[in-house]
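Report on one structure; see the data block that follows.
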Amino acid sequence: HLVESGGGWVQPGESRRLSCTVSGFTLDTYAIGWFRQAPGKGREGVSCLSPSGEMTAYADSVKGRFAISRDKAKNTVYLQMNSLKPEDTGIYYCAADACGAYERSSYYELSENVGFWGQGTQVTVSS
């Protein structure tokens, strides 16, 4: 079970932190990923954190602006989003066992039939 929180409305250039609280398993069991779906567009992978917590991956569109991290004691994964742009608007989902982050590669499974998914949280970036 995964529950996202932290979404809302922000102005361009501002920051926001999303949280994904996991229950039923520990964070070192599966990779945890953040995905998003913009209005009228398909879902895309945003970031992935390996089960060890040592490997991270980011979509090119968010590199240098977003950071994924975790607090094992709270069983929570975070997505810190800085310098937000209007094109970052969308529903943000976290998912377990739906991505992979390795030294030289990464992948994202976009189907909800793969892994375990939260219900999503809306992020709107607008002035």
Side-chain angles (χ1 to χ4, degrees):
H1 191 57
L2 299 91
V3 178
E4 304 94 338
S5 61
W9 174 78
V10 295
Q11 293 191 332
E14 292 186 340
S15 298
R16 197 82 173 186
R17 189 178 77 164
L18 303 182
S19 300
C20 172
T21 302
V22 170
S23 60
F25 58 90
T26 58
L27 294 181
D28 52 10
T29 304
Y30 302 110
I32 304 293
W34 284 97
F35 299 74
R36 68 184 180 188
Q37 187 161 13
K41 295 188 177 180
R43 188 171 295 178
E44 65 171 334
V46 174
S47 184
C48 183
L49 180 66
S50 66
S52 68
E54 295 179 358
M55 294 293 181
T56 59
Y58 298 93
D60 288 342
S61 58
V62 306
K63 275 181 184 175
R65 299 189 298 123
F66 289 14
I68 192 169
S69 63
R70 72 182 186 182
D71 184 333
K72 290 182 66 177
K74 295 182 179 180
N75 231 26
T76 298
V77 175
Y78 303 100
L79 185 68
Q80 178 66 44
M81 307 184 295
N82 300 323
S83 302
L84 282 161
K85 305 175 181 179
E87 51 263 43
D88 294 318
T89 294
I91 302 174
Y92 283 71
Y93 302 88
C94 65
D97 201 23
C99 69
Y102 309 100
E103 187 172 348
R104 295 187 181 85
S105 65
S106 63
Y107 75 90
Y108 298 91
E109 295 282 359
L110 303 182
S111 169
E112 289 195 13
N113 293 324
V114 178
F116 313 95
W117 291 75
Q119 293 300 305
T121 185
Q122 175 73 44
V123 174
T124 301
V125 185
S126 173
S127 55

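Since the structure is predicted, the reported quantities are computational estimates derived from the model, not experimental observations.
V46 and F116 fall within the same hydrophobic cluster, defined by Ile, Leu, Val, Met, Phe, Trp and Tyr side-chain heavy atoms under 4.5 Å apart, directly or through other members. Placement of L79 and I91 in two distinct hydrophobic clusters is found when ILVMFWY residues are connected by side-chain heavy-atom separations under 4.5 Å, directly or transitively. Y93 and L18 fall into different hydrophobic clusters, where Ile, Leu, Val, Met, Phe, Trp and Tyr are joined by side-chain heavy atoms under 4.5 Å apart, directly or via other members. In the hydrophobic clustering of ILVMFWY residues, with side-chain heavy atoms under 4.5 Å counting as a link, W117 and Y108 come out together.
Judged purely by distance below 3.5 Å, without hydrogens or angles, the side chains of S50 and S52 pair a donor atom with an acceptor atom.
Residues L27 and N75 have side chains in contact (heavy-atom distance under 4.5 Å, counting atoms from C-beta outward). Side chains of S106 and C99 form no contact here, defined as non-hydrogen atoms less than 4.5 Å apart. In this structure the side chain of S47 never reaches within 4.5 angstrom of the side chain of V62, judged on heavy atoms. Within the 4.5 Å cutoff, the side chain of E4 has heavy atoms near those of the W34 side chain.
Taking every heavy atom of both residues into account, M55 and A101 meet most closely at CB-O, 3.3 Å. The shortest heavy-atom contact between L2 and C20 is CD2-SG, 3.7 Å. Pairing each heavy atom of A31 with each of C48, the nearest pair is CB-SG, 4.1 Å.
Remark: R43 is not positioned above the aromatic ring of F35, lacking an NZ or CZ atom under 6.0 angstrom from the ring centre and at most 45 degrees off the axis.
Atoms CD and CG, from E14 and L84 in turn, are 8.5 Å apart once rounded to the nearest 0.5 Å. Distance check: E54 CD to E103 CD gives 11.0 Å after rounding to the nearest 0.5 Å. R17 CZ to M81 CE: the interatomic distance, rounded to the nearest 0.5 Å, is 11.0 Å. Atom OG of residue S5 and atom OH of residue Y92 lie 15.0 Å apart, to the nearest 0.5 angstrom. For the atom pair CD1 (I32) and CZ (R70), the distance works out to 9.0 Å, reported to the nearest 0.5 Å. If you take NE2 on H1 and CZ on F25, they are separated by 10.5 Å, rounding to the nearest 0.5 Å.
A distance-only check finds a donor-acceptor pair linking the side chain of Y58 to the backbone of I68 [under 3.5 Å]. When atom types are taken as modelled, the side chain of T21 and the backbone of T76 share no donor-acceptor pair closer than 3.5 angstrom. With hydrogens and angles disregarded, a donor-acceptor distance shorter than 3.5 Å links the side chain of R16 to the backbone of G7.
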Take D88 and K85 through the test salt bridge (Lys or Arg N to Asp or Glu O under 4.0 Å) and record every step on the way to the result. CA-CA 5 Å; D88 294 318; K85 305 175 181 179; over 6 Å; no
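Counting non-hydrogen atoms of other residues, nucleotides and ligands closer than 6.0 Å to CD of Q119 gives a total of 12 or fewer.
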